[in-house]
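What follows is a short report on a single structure.
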Amino acid sequence: MDAQLDDKALESTLAESLADLVPDIKTVSEDEFVEVVGGALEAVGGTLLFKMCVQNEGEGQHVAAASVGDGGNRQFLLLTLPTGGGSLKVETASRSSNPVAGIAAAYAGLMDAFKAAA
């Protein structure tokens, strides 16, 4: 992956790779969400940081945070999918208005500290 890939290009690349991965069903299980996210991250060499299920504006939503790149070129992504089905939304954490986005960089920093201490 090009280390200089900007936020918009990264989001576009992931959106294109997701076209055939999103399950066309009513309810999306956590396992199905993990499978879709895993396929999307594999396409851009990303790493899953964490996943959770949250309520956002009254709607259940699967949320995953991921990182792409490393060091100063690391970018954080937020991938969301309604539990009731729909399309997977991918955005860089810096452009996201989702409250979970702010946790991604902090979580990655914590994991870096744990690895350094090990």
Side-chain angles (χ1 to χ4, degrees):
M1 185 180 127
D2 180 358
Q4 300 304 315
L5 198 61
D6 67 16
D7 291 357
K8 199 75 172 154
L10 183 58
E11 291 173 5
S12 298
T13 301
L14 278 167
E16 289 168 15
S17 70
L18 295 172
D20 298 325
L21 292 173
V22 179
D24 186 22
I25 53 178
K26 294 259 187 226
T27 303
V28 180
S29 73
E30 186 174 353
D31 288 344
E32 289 161 332
F33 177 63
V34 168
E35 185 177 327
V36 170
V37 167
L41 294 177
E42 188 176 310
V44 294
T47 303
L48 178 67
L49 297 173
F50 62 85
K51 62 179 174 43
M52 61 178 68
C53 191
V54 298
Q55 289 291 316
N56 191 8
E57 297 178 9
E59 180 181 297
Q61 188 176 68
H62 293 290
V63 180
S67 67
V68 176
D70 52 25
N73 293 322
R74 181 160 58 176
Q75 291 178 292
F76 299 102
L77 302 172
L78 202 65
L79 302 94
T80 55
L81 181 64
T83 55
S87 38
L88 182 68
K89 181 178 180 181
V90 180
E91 55 192 347
T92 54
S94 61
R95 293 166 44 101
S96 177
S97 61
N98 191 306
V100 176
I103 301 171
Y107 183 87
L110 183 61
M111 291 300 101
D112 291 346
F114 282 148
K115 284 180 188 172

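- In terms of hydrophobic clustering, with Ile, Leu, Val, Met, Phe, Trp and Tyr side chains grouped at heavy-atom distances under 4.5 Å, Phe50 and Val37 are assigned to different clusters.
- The hydrophobic cluster containing Leu79 also contains Val44, counting ILVMFWY residues as joined when their side-chain heavy atoms lie under 4.5 angstrom apart, directly or transitively.
- The shortest heavy-atom contact between Pro82 and Ser87 is CD-O, 3.8 Å.
- Taking every heavy atom of both residues into account, Cys53 and Thr83 meet most closely at SG-CG2, 3.6 Å.
- Within a 6.0 Å sphere centred on CD of Gln55, other residues, nucleotides and ligands contribute more than 12 heavy atoms.
- Taking the side-chain hydrogen bond (donor to acceptor under 3.5 Å, both in side chains) definition, one finds that Thr80 meets it with nothing, sequence neighbours left out.
- Every residue two or more places apart in sequence or in another chain that forms a side-chain hydrogen bond (donor to acceptor under 3.5 Å, both in side chains) with Glu30 is listed here: Lys51.
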Which atom pairs, donor and acceptor, lie under 3.5 Å between side-chain atoms of residues 58-66 and protein residues at least two apart or in another chain?
from  : atom 1 : to    : atom 2 : distance (Å)
Gln61 : OE1    : Asn56 : ND2    : 3.3
Gln61 : OE1    : Asn98 : ND2    : 3.3
His62 : NE2    : Val28 : O      : 2.7

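- A salt bridge (charged side-chain N to carboxylate O under 4.0 Å, His left out) check over residues 90-100, counting only residues at least two apart or in different chains, returns the pairs Glu11-Arg95, Lys89-Glu91.
- In this view, Thr47 and Ser67 satisfy the side chain to side chain contact (heavy atoms under 4.5 Å, CB included) rule, not counting sequence neighbours.
- Between the CZ atom of Phe33 and the CG atom of Leu88 there is a distance of 6.5 Å, given to the nearest 0.5 Å.
- A continuous path of Ile, Leu, Val, Met, Phe, Trp and Tyr side chains, each step under 4.5 Å between heavy atoms, connects Leu81 with Val90, placing both in one hydrophobic cluster.
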Using atom types as modelled, flag every donor-acceptor pair under 3.5 Å from a side chain in residues 102-118 to any protein atom, sequence neighbours excluded.
from   : atom 1 : to    : atom 2 : distance (Å)
Tyr107 : OH     : Leu49 : O      : 3.4
Asp112 : OD2    : Arg74 : NH2    : 2.6

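- Contacts classified as ring-ring contact (aromatic ring centres under 6.0 Å, His included) and involving residues 73-106 (residues at least two apart or in different chains) are not found.
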